[in-house]
Amino acid sequence: MEEASTSTDDQVVFSITKDTTLGPEGYKLSVGKEGVHISASTGAGLFYGVQSLFQLVPSSAVIGLPYVDINDQPRFSWRGLHLDVGRHFFPASFIKKYIDVMAHYKLNTFHWHLTEDQGWRIEIKKYPKLQEVAAFRKETIVGHARKEPHVYDGTRHGGFYTQDEIREVVAYAAERHVTVVPEIEMPGHARAALAAYPYLGCTGGPYEVATTWGVFNEVFCAGKETTYQFLQDVVDEVVPLFPSTYIHIGGDECPKDNWKKCPLCQKRMKTEKLKDEHELQSYFIQRMEKYINSKGKKIIGWDEILEGGLAPNAAVMSWRGEEGGIAAAQQNHDVVMTPTKWLYLDYYQDTTSKTEPLAIGGFVPVSKVYSYDPLPAQLTPEQARHILGTQANVWSEYMPTSDQVEYMVYPRAIALSEVAWSSKESKNYDDFIKRLNGNRKLLDSWKVNYAKHVFAKE
Ligand code: ACM
Ligand code: ZN
């Protein structure tokens, strides 16, 4: 690999090494008299070396690189960023941009939340009404859903990704070493699907695609065989589109009111000897897990899937706090930490300014994201190995445009990137903010509409 014939220091040399100490995503980056040398044992490692090189390039017109010797690999293998495209639909072109930026910051898992009460966004050829009915709502609430009386905009909203578009996005992501994990919500957050196929609900409807935000009682009926048949058919079309190990099955926020009143749900509980509706939800998830496992995939679900008993091979996404993740790891299940308090990017970045755009609530400034440690202290080293990593979630109720999504995501997702990649010891918030400043030109050049709260104080 020695390039004796060239004495110039403006060359960039890439090499794949057998050095497995770098891990599947690590790299070595050296800048010296002989130019730039990036080595890794995988393509992903080389890719991350290049991203670090970009970070070294000064934003001034004079190009010159500091001499460095970096030996780097990630702390966690799941470095996730989520996007809810159910509450608001964003075109595939924006999804690609979203993936571009996250990949630069070494985030490697895009959690694509594809089905919601307010819209079903993935084409399922066997069920055309998902495209005709479930993908659109007649109007959208204006202002905060907590504010009464509700006012609506009178404008139809919606859309869906064709399977061709999904394949294109997944391939685009793979080129950037990003895995796309699809989420098909069950048994809750199902109103859009029920509007299209009312037989999937306990009462048979009629149902309407939701036009406001919240948690709704209209969920998939856990008693009817036809519900499972529908969801299995959906899984049959979803699995070939996504090479990811995991399919996210949701599992959060499923009110049990209708199940309590539904003769078929109650009959199912009796025949399956389930003592309450939580066990019925557990039966539902376990049954779908079995099916998804039979297709060669694993399931991951929100931490409510612990209630009534965890499905045998399920991974847990801990969102209501860290407790669900801790309990799951203690039961030897894999975990991704996404607690609201640190990692919900739909929360406010500023609670004092009158000009801050409407958000769902909460307060998660950049410093809060940066301060997060995904490894809870009470886990034993053996249990801690089940923490696959961490992820920030981006629920789009109050993000009607892609510009607003970017405003909420950046720069907080860059803080997440450091939480997920860097060792705990190497973190330093002041230094991070300095480096963040250096990233503004890059973000500007990509036309990312990042928020500027942390810069205003400088
Ligand atoms: C969630 O935020 N409902 C997972
Ligand atoms: Zn039912």
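Counting starts at 1 for both ligands and their atoms, following the listed order.
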Those residues with a heavy-atom separation under 4.0 Å from ligand 1 are Asp252, Glu253, Trp302, Trp319, Tyr344, Trp395
Check whether the side chains of Tyr283 and Arg287 place a donor and an acceptor atom closer than 3.5 Å, and report yes or no. yes
Results of salt bridge (charged side-chain N to carboxylate O under 4.0 Å, His left out) for Glu123 - residues two or more places apart only: Lys125
Aromatic centroids of His113 and Trp395 separated by under 6.0 Å: yes
Are the side chains of Tyr127 and Glu237 in contact, using a 4.5 Å heavy-atom criterion? no
By residue and atom, what protein N/O/S atoms are less than 2.8 Å from the Zn ion (ligand 2)? Cys202 SG, Cys221 SG, Cys262 SG, Cys265 SG
Does a donor on one side chain sit under 3.5 Å from an acceptor on the other, for Gln378 and Glu322? no
Assess, by modelled atom type and distance only, whether the side chains of Asp334 and His386 contain a donor and an acceptor separated by less than 3.5 Å. yes
Is the gap between the ring centers of Tyr347 and Phe363 under 6.0 Å? no
Show every donor-acceptor pair shorter than 3.5 Å between a side-chain atom in residues 189-204 and any protein atom, with sequence neighbours excluded, or say none if there are none.
{"residue": "His189", "atom": "ND1", "partner": "Glu116", "partner atom": "OE1", "Å": "3.1"}
{"residue": "His189", "atom": "ND1", "partner": "Asp117", "partner atom": "OD2", "Å": "2.8"}
{"residue": "His189", "atom": "NE2", "partner": "Glu253", "partner atom": "OE1", "Å": "2.8"}
{"residue": "Arg191", "atom": "NE", "partner": "Glu208", "partner atom": "O", "Å": "2.9"}
{"residue": "Arg191", "atom": "NH2", "partner": "Glu208", "partner atom": "O", "Å": "3.0"}
{"residue": "Tyr197", "atom": "OH", "partner": "Lys129", "partner atom": "N", "Å": "2.9"}
{"residue": "Thr203", "atom": "OG1", "partner": "Gly205", "partner atom": "N", "Å": "3.2"}
{"residue": "Thr203", "atom": "OG1", "partner": "Tyr207", "partner atom": "OH", "Å": "2.9"}

With side chains defined as the heavy atoms from C-beta onward, is the minimum distance between Glu406 and Lys97 less than 4.5 Å? yes
